[in-house]
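What follows is a set of notes on a single structure, which appears directly below.
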Amino acid sequence: MSPTLAIMRRELRSYFVTSLAWVFLVIFLVLAGLLTFYAGDFYERGLADLQPFFAVHPWLYLILVPAVSMRMWPEEARDGTQELLLTLPVTLRQAMLGKFLAAWLFLGLALALTFPLWITVNYLGSPDNGVILAGYLGSWLMAGAFVSIGACLSTLTRSQVVAFILTALVCVLLILAGQPQVLDFFQGTLPRRLVNGVAHLSMLRHFEAISRGVLDLRDLIYFLLTILAWLAGGVLILELKRTR
Amino acid sequence: MIETDQLTRRYGSLTAVDGLTIRAEPGQVLGLLGPNGAGKTTAMRLIAGFLAPTSGTARVCGHDVVREPLAARRALGYLPEGAPSYGEMTVREFLVFIGRMRGLAPEVGRQRFDQVVSRLQLEDVLEQCIDTLSKGLRRRVGLAQAILHDPPVLMLDEPTDGLDPNQKHAVRQLIDAMARERTILISTHLLEEVHALCNRVVIIARGRLLADATPAELEARSRYHGAVSFSAPGSGLSQEMLGRLPQVTAIEVDPLDGRVTVFPRPGERILEPVENLLRQQGLEVSEIQLERGRLDEVFRQITLGDGAEGRA
């Protein structure tokens, strides 16, 4: 078994052994359900789709993903296991990827466990299941982007609280980047090109495009690049810490 | 084989390891000795590849730890300071994880697992969480992890720190048993450990190498080396007589138990003359001993000295 897979399995197992996984799953499923029905007007809209469900995901992830990613490196640093892990025959890239994949798969599992909603909407009406599938894909990609941000920022600190706050902060900036209020604010001060650039950085815009069922290659690439860039950043920080 | 050449590591303005050149060969147990904060742990972290050197090189079995880190780490079994492990895992899970990380094939892994578990007597705690284990057991799990892949080079950072005397003895026996074909580097600040385990000693302080010698050579540097000590109740008279022996430089009497220590002139043997003299005087000597030298004294002398003093 490759070291990446070994690390991924170990991390996943530790989520479930240290009640983190169960607490997360319960909170995620309860909140996703509640927000969809109460804040998202699931019934009142009279449409057989899961738009209200997906619309709350960025905000759910904003709180819950940093809670998963914050322990990634700080815990290893605190317990001294980082020294054990990084003196095994494994590259920093493999170690980072293993930890990232564990968190991403776990979030995928949480997402998959929302299937009763999908059954409900199919029972109530006849939704476009392709669009719903795209919505799930978009949501999972966004979760991956958030995890990669958390993975990177958690290398910076030995404190899980600091890791949580930094990650949530960056994520909220990336969510808000495309909102009209934010763009209006920049409209007067920045050149149009830059404003467009900021708008393109917006996680929400790409996520909404995918969850409308429009699978544009550019949106997929946006998420994959985001993930890779943050993971690479994390590896770079670990590398610097080794030589610093 | 472990070789370092002018290995140096700085943290800002602090030089933790300063031009360290050491060499440990197969069959050798090299003790890295030094006061707390001398740079022992940093030196080991450099060799293990957890930290990158500021300058200089380190090689494990000929593999440069910076240029071929994976090959170097494959040849190395490393017990970091404090024997860290994943507390929420059971001993079995942890060792299986290490086996996977080491890329051991399942059959080989199972075989090595069984060997290591029986060697370190972990059979009874295999299904227990590491968090719930005593310090001694945790240390043994750490050792098991380090030797799981049967590495040619072992590096153990304070392997017996915090263990009770029985556990220390067991760990030392284990290291001794593994020493024959392997290269072993252990760090310690316990001098008894040097006697018990090492066939070569490197003393460092403030990151610099101050001595590289066998334990016997170090003992020979002690002023107690070749001294004769004895207990003789009411030996007031003999002191004067002893002082007249041509081979003797000094005599000390322990104010607490009245034990007399006679120091020889350099290169002289004084056991026989002292014994003869005592017999002539007709003194009752309850016990007499030829001193090998005191490592703690040499250690203090080397590490507290000006540091410029000779490299052996």
So, B/Tyr78 versus B/Phe50, ring centres under 6.0 angstrom or not? no
Can you say whether B/Arg9 sits under 4.5 Å from chain A via the side chain, the backbone, both, or neither, judging by heavy atoms? side chain
Output yes when a side-chain donor or acceptor of B/Lys168 lies under 3.5 Å from a complementary backbone atom of B/Pro159, and no otherwise. no
Is it true that atom CH2 of A/Trp59 has more than 12 heavy atoms of other residues, nucleotides or ligands lying nearer than 6.0 Å? yes
Return yes if some donor-acceptor pair links the side-chain N/O of B/Gln128 with the main-chain N/O of B/Val125 below 3.5 Å, else return no. no
A/Phe223 and A/Phe207: aromatic ring centres closer than 6.0 Å? no
With a 4.5 angstrom heavy-atom cut-off, which part of A/Val17 approaches chain B: side chain, backbone, both or neither? side chain
Checking A/Thr4 against chain B: side chain, backbone, both or neither under 4.5 Å from a heavy atom? neither
With only heavy atoms counted, which part of B/Ile98 is less than 4.5 Å from chain A, the side chain, the backbone, both or neither? side chain
If one checks every heavy atom of A/Gln94 against chain B at 4.5 Å, the contacting part turns out to be neither
Between A/Leu85, A/Asp79, A/Leu88, which shows the greatest number of heavy-atom pairs under 4.5 Å with chain B? A/Leu88
Test item: A/Ser154 side-chain N/O and A/Met70 main-chain N/O as donor-acceptor pair under 3.5 Å: no
Note: vs chain A, highest number of non-hydrogen pairs under 4.5 angstrom among B/Pro80, B/Gly49, B/Gly77 is B/Pro80
Heavy atoms only, distances under 4.5 angstrom: which of B/Glu93, B/Glu81, B/His149, B/Gln145 has the most pairs with chain A? Name it, please. B/Glu93
Just by distance, do the side chain of B/Thr183 and the backbone of B/Met1 share a donor-acceptor pair under 3.5 Å? yes
Do you know which of B/Leu70, B/Leu79, B/Val96, B/Leu76 has the most heavy-atom pairs under 4.5 Å to chain A? B/Leu70
